[in-house]
Protein chains: 2
Amino acid sequence: MGKGEQTRQAILDEAFSLASCIGVGGLSIGVLADRTHMSKSGLFAHFGSKEELQLAVLRESQQRFAEVVVRPALRLPRGLGRLRAVVANWLDWTKTCNLPGGCVINAAAAEFDDQPGPLRDEVRNALLALNRTLAATVAKAVATGELRADTDIEQFVFELNGIYQATQQRRRLFNDPEADRRALVAFDRLVRDNAAPLPKE
Amino acid sequence: MGKGEQTRQAILDEAFSLASCIGVGGLSIGVLADRTHMSKSGLFAHFGSKEELQLAVLRESQQRFAEVVVRPALRLPRGLGRLRAVVANWLDWTKTCNLPGGCVINAAAAEFDDQPGPLRDEVRNALLALNRTLAATVAKAVATGELRADTDIEQFVFELNGIYQATQQRRRLFNDPEADRRALVAFDRLVRDNAAPLPKE
DNA sequence: GACACAAACGAACGATCGTTCTATAAAGCG
DNA sequence: CGCTTTATAGAACGATCGTTCGTTTGTGTC
């Protein structure tokens, strides 16, 4: 890896955890230059525009998410167990990664949902991809016969998303120590309501 | 109402709908002055600081929420019917009010959850109050015997919050026309799982 | 109409914003 | 080593930020 790639990555690392606290929209070249002990122009040259820097942060976030949340779960056999793993990794990924201020993309979703442009598109695509991944994971739990064949998969994913959002808000804003337990209760209820009847033995 | 109060309210009206689009943190005195056809200093004098303006917008939002979401439902008899009304009003309140860009407080929650200060405190208190209101409404549906006596009320509210967040994201980011239907399905499942058994007749 | 007070303005402040340009320093390669 | 390319620094740009100040305009009251 050349020198350029190296410092670019160092900048992204810093931008990533900074954006976690103040949001992707709150990033500023000057502050980021101070934190990385660079000049504004030197840092700027790596991205060409602020928007490109913000996009790079969003892409970085997607990549880390895939590595930390999705990939480890793929080593488990498909089905409900893998789904449980994905959800558990998902709920914990702000702790796993260096995300002192919560998921970057999730915060960006609330920030840019009314502001058309490349940033909104990137966020939208990232969350669409997440929804697809979740849907595929749920679908496999249907295929293994653990969830009912008539499970409404999109509805299932919709509710998973709700559990995630509620958990984050409780944790971050209310410092609620029960947040994780509540998430588990909600998830179990969701699974139970869609569980296939036990085969008779 | 004196002249001062009058223009102050006009400023808040504009700030309110503007903050809905760009967030409370994205508000700027200059832009707001242009929109209200005032000078920056003239507008500034009404609040004394930007933070005070932001706080005023958050308080304005709370007030409108109470008027549009909570108060109409209070005219219904307590119980499940009132709960349904509150949830329906809640899910629709960004349409009811002039909120082109979603709930101001909800967006602010994601924006300030890591940034200690008066703004975070205000958001936190607003959402705590909402949670208390919801909890009280659920509790009455327990008292009327429509929900089971052992209903976990905090859990119920937690999941209501999840439904709201998921619905907003689907609507705003994905333009999903099914969002409202999915919210209803999720709510019905939540009620059904906590419904008291029908009394024998 | 004169007076007191509140409200709004216009100009300016220093700070920071993203961005551009030119020049220097470092890295990579023969 | 020298040479070319790349990476970084530094200074400056116009724009906008929140805020302050002194002045002017407007409102309401005797």
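Numbers restart at 1 for each chain; the letters A, B, ... are given by sequence-line order, proteins then strands. All values derive from a computational prediction rather than experimental measurement. Worth knowing before you read on, the calculation uses all heavy atoms, side chains too, and leaves out hydrogens, waters and symmetry mates.
- Ring-plane geometry between A/Tyr164 and A/Trp90 is classed as parallel, the angle between the planes falling under 30 degrees on a 0 to 90 degree scale with a further cut at 60.
- Side chain of A/Glu146 to backbone of A/Ala195: no donor-acceptor contact under 3.5 angstrom is found.
- A donor-acceptor distance shorter than 3.5 angstrom exists from the side chain of A/Arg148 to the backbone of A/Asp193, with no hydrogens or angles considered.
- In this structure, CZ of A/Phe47 is placed 16 Å from P of C/dT20, rounded to the nearest angstrom.
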Would you mind building the protein contact string for nucleotides 2-19 of chain D? One character per nucleotide, 5' to 3', B for base within reach (heavy atoms under 4.0 Å), S for sugar-phosphate only, - for untouched.
-----SBBB------BBB
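- Remark: the backbone N or O of B/Ala10 is not paired with any side-chain donor or acceptor of B/Thr7 at under 3.5 angstrom.
- Using a cut-off of 4.0 Å between Lys/Arg side-chain N and Asp/Glu carboxylate O, A/Arg170 and A/Asp180 are scored as not salt-bridged.
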